[in-house]
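One structure, pasted below without further comment.
Residue numbers begin at 1 in each chain, while the letters A, B, ... track the order of the sequences.
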There are 2 protein chains.
Amino acid sequence: MQDKIYLEILDKYSLSNTKSRRVLFHIIASSKKPLSATEIIDRASGTMDKTTVYRTLDTFEKTGLIKHVSIGWKQKFELSDNFTHHHHHMSCIVCGKVTSFEESYKLLAELERLEEAYRFIIDEHVIELHGRCISCSR
Amino acid sequence: MQDKIYLEILDKYSLSNTKSRRVLFHIIASSKKPLSATEIIDRASGTMDKTTVYRTLDTFEKTGLIKHVSIGWKQKFELSDNFTHHHHHMSCIVCGKVTSFEESYKLLAELERLEEAYRFIIDEHVIELHGRCISCSR
DNA sequence: CTAACTGCAAAACTTTTGCATTAGT
DNA sequence: ACTAATGCAAAAGTTTTGCAGTTAG
């Protein structure tokens, strides 16, 4: 299923389905948490050059295959909402565990209110929560 | 007023009120928008070494004088909520204009609901909106 | 005076660029 | 075969480290 969308997007933008791209897509798709550029370079090392990683991440991001999210200080990458339900992250500052959550209707309604109030068209919203998970909070 | 809080925090952590720190605090305090490390280094150049900038930003962040926010791809710095009302940013992807907004009570209530639902204690939340401001949206 | 802070030089790490070679369709 | 994609080497940019010298309290 994910592969089908992957191929469709490559096709849509007339991009070749190269080995590097398949490997990189797989690395990101199979990770349970968002990965930083460096983490991806490490996991891809041996298979491709880091230059290719940067270029491919850029391509993947521009075509909507992946998106970047802010986790703490870093920018990390994960599959775009084309593959997963739109969601956000809460990360535990103690153990580093990253939990995904979907926003509620009420929250979306609040964003719409902000659009009105500030006369601003919201194309994208990022919500990031930091704190302590149940195991680390006692 | 800001200076008073600045001095109090330095005092609280037994930090010296050095020239570099005063200059750096002033650069951040007087900027209308959050600044990246590089932007701060540029503005401070001539006055101090970049090493000092990095070390000072680190100190300022740890002591709660400043905080970092995600604007697009970058991490930027601004005064912490000790100086300003807690707020978030919406940035225009066309002209780059950054507008601040305060979150509503409803939004906070939603965050509390999330704490319950996911059994997670939220210490900090980041909300970042990207889109187009009124002037750029037509 | 002396502990904290800073500057400098160098290293480490991250990202970008140009060009020659290779691989995909 | 032709173009897009990759690898390599080098440059550019960013952040960190160690140490010697300086400064604030």
Side-chain angles (χ1 to χ4, degrees), chain A residues 3-4 6-28 34-78, chain B residues 3-4 6-28 34-78:
Chain A
D3 284 349
K4 182 159 168 282
Y6 166 75
L7 292 170
E8 277 169 9
I9 293 181
L10 286 190
D11 194 53
K12 179 177 170 191
Y13 290 95
S14 311
L15 296 170
S16 328
N17 178 22
T18 65
K19 192 188 170 199
S20 297
R21 284 179 183 154
R22 279 193 300 277
V23 170
L24 224 40
F25 179 76
H26 182 255
I27 287 173
I28 297 167
L35 299 172
S36 68
T38 305
E39 285 168 331
I40 295 169
I41 288 167
D42 286 347
R43 298 193 188 193
S45 87
T47 317
M48 75 196 76
D49 192 77
K50 61 180 182 298
T51 307
T52 304
V53 175
Y54 281 113
R55 284 195 278 230
T56 306
L57 289 177
D58 201 50
T59 308
F60 279 7
E61 219 251 334
K62 286 202 178 91
T63 55
L65 272 163
I66 63 173
K67 64 175 181 177
H68 67 274
V69 295
S70 302
I71 303 278
W73 283 83
K74 293 215 159 180
Q75 294 294 344
K76 305 202 170 186
F77 299 90
E78 65 176 11
Chain B
D3 284 348
K4 182 159 168 280
Y6 164 76
L7 291 172
E8 277 169 8
I9 293 181
L10 286 190
D11 194 52
K12 179 178 170 191
Y13 290 95
S14 311
L15 296 169
S16 323
N17 178 22
T18 65
K19 192 188 172 197
S20 298
R21 285 180 182 154
R22 280 193 300 275
V23 170
L24 225 40
F25 179 76
H26 182 255
I27 287 173
I28 297 168
L35 300 172
S36 68
T38 305
E39 285 167 332
I40 295 169
I41 288 167
D42 287 347
R43 298 191 188 194
S45 87
T47 317
M48 75 196 77
D49 191 77
K50 60 179 183 296
T51 307
T52 303
V53 175
Y54 281 112
R55 284 195 277 229
T56 307
L57 288 177
D58 201 50
T59 308
F60 278 9
E61 219 252 335
K62 286 202 179 93
T63 54
L65 272 163
I66 64 173
K67 64 174 181 177
H68 66 275
V69 296
S70 301
I71 303 277
W73 283 83
K74 292 217 161 180
Q75 295 292 345
K76 305 201 172 188
F77 299 90
E78 66 176 12

Whole angstroms only, please: what is the CG-P distance between A/Leu24 and D/dG7?
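Interatomic distance, CG of A/Leu24 to P of D/dG7: 11 Å.
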Integer-rounded Å distance: C/dG24 C1' and A/Asp11 CG:
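Spelled out: CG on A/Asp11 to C1' on C/dG24 is 14 Å.
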Would you say A/Ile66 and A/Phe25 make side-chain contact, with heavy atoms under 4.5 Å?
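A side-chain contact is absent here, since even the closest heavy-atom pair is not under 4.5 Å.
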Are side-chain heavy atoms of A/Lys76 and A/Leu35 found at a separation under 4.5 Å?
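They are not in contact (no side-chain heavy atoms under 4.5 Å apart), so the answer is no.
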Given atom CD of B/Gln75 and atom P of D/dT15, what is their separation to the nearest angstrom?
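Taking CD of B/Gln75 and P of D/dT15, I get 10 Å after rounding.
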Is there side-chain contact between A/Phe77 and A/Glu39, with heavy atoms separated by less than 4.5 Å?
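With C-beta onward as the side chain, the pair stays apart.
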Any side-chain heavy-atom pair of A/Gln75 and A/Ser36 under 4.5 Å
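No, too far: nothing below the 4.5 Å cut-off.
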Remember a base hit wins even if backbone is also touched, and classify B/Thr59 as base, sugar-phosphate or nothing at under 4.0 Å, heavy atoms.
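Counting heavy atoms under 4.0 Å across all strands, no contact is made by B/Thr59.
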Using every non-hydrogen atom in the two residues, find where B/Ser16 and B/Leu10 come nearest and quote the distance to one decimal.
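It is O-CD1, 4.0 Å.
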Validation row: B/Thr56, B/Thr18 side chains within 4.5 angstrom (heavy atoms):
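They are not in side-chain contact.
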What is the distance from CG of A/Leu10 to C1' of D/dA5, rounded to the nearest Å?
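The answer, rounded to whole Å, is 12 Å.
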Considering only nitrogen or oxygen atoms on both sides, find all protein atoms under 3.5 Å from nucleotides 10-15 of chain C and state each distance.
from, atom 1, to, atom 2, distance (Å)
C/dT14, OP1, A/Thr38, OG1, 3.4
C/dT15, OP2, A/Tyr54, OH, 2.3
C/dT15, O5', A/Tyr54, OH, 3.2

Quickly work out the B/Asp49 CG to D/dT17 C1' distance and round it to whole Å.
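Taking CG of B/Asp49 and C1' of D/dT17, I get 13 Å after rounding.
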Heavy-atom side-chain proximity of B/His68 to B/Leu57 below 4.5 angstrom:
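B/His68 vs B/Leu57: side chains apart.
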Under a 4.0 Å N-O cut-off, is there an ion pair linking A/Lys67 with A/Glu78?
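Looking at A/Lys67 and A/Glu78, the cut-off is met.
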Can you tell me how far the CD1 atom of A/Ile28 sits from the CZ atom of A/Phe60, to the nearest 0.5 Å?
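Nearest 0.5 Å value for the CD1-CZ distance: 6.5 Å.
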Heavy-atom side-chain contact between A/Asn17 and A/Asp11 under 4.5 Å
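No; the side chains remain at least 4.5 Å from each other.
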Angle between the end axes of the helix from C/dC1-D/dG25 to C/dT25-D/dA1, five pairs per end, to the nearest 10 degrees?
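Terminal axis comparison yields 40°.
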Looking at every strand, decide which applies to A/Ser36 at a 4.0 Å heavy-atom threshold: base, sugar-phosphate, or nothing.
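Counting heavy atoms under 4.0 Å across all strands, no contact is made by A/Ser36.
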Could you give the CZ-to-P distance, from A/Arg21 to C/dA23, as a whole number of Å?
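Answer to the nearest Å: 15 Å.
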Report each atom pair, protein N/O against N/O of nucleotides 19-25 of chain D, whose distance is under 3.5 angstrom.
from, atom 1, to, atom 2, distance (Å)
D/dG25, OP1, B/Asn17, N, 3.3

To the nearest Å, give me how far apart CZ (B/Phe60) and P (C/dT6) are.
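These atoms are roughly 9 Å apart.
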Check whether any side-chain heavy atom of A/Ser45 sits under 4.5 Å from a side-chain heavy atom of A/Lys50, and report yes or no.
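Sidechains of A/Lys50 and A/Ser45: no contact.
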In whole angstrom, give the distance that lies between atom CG of A/Asp58 and atom C1' of D/dT6.
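It is 15 Å, rounded to the nearest whole Å.
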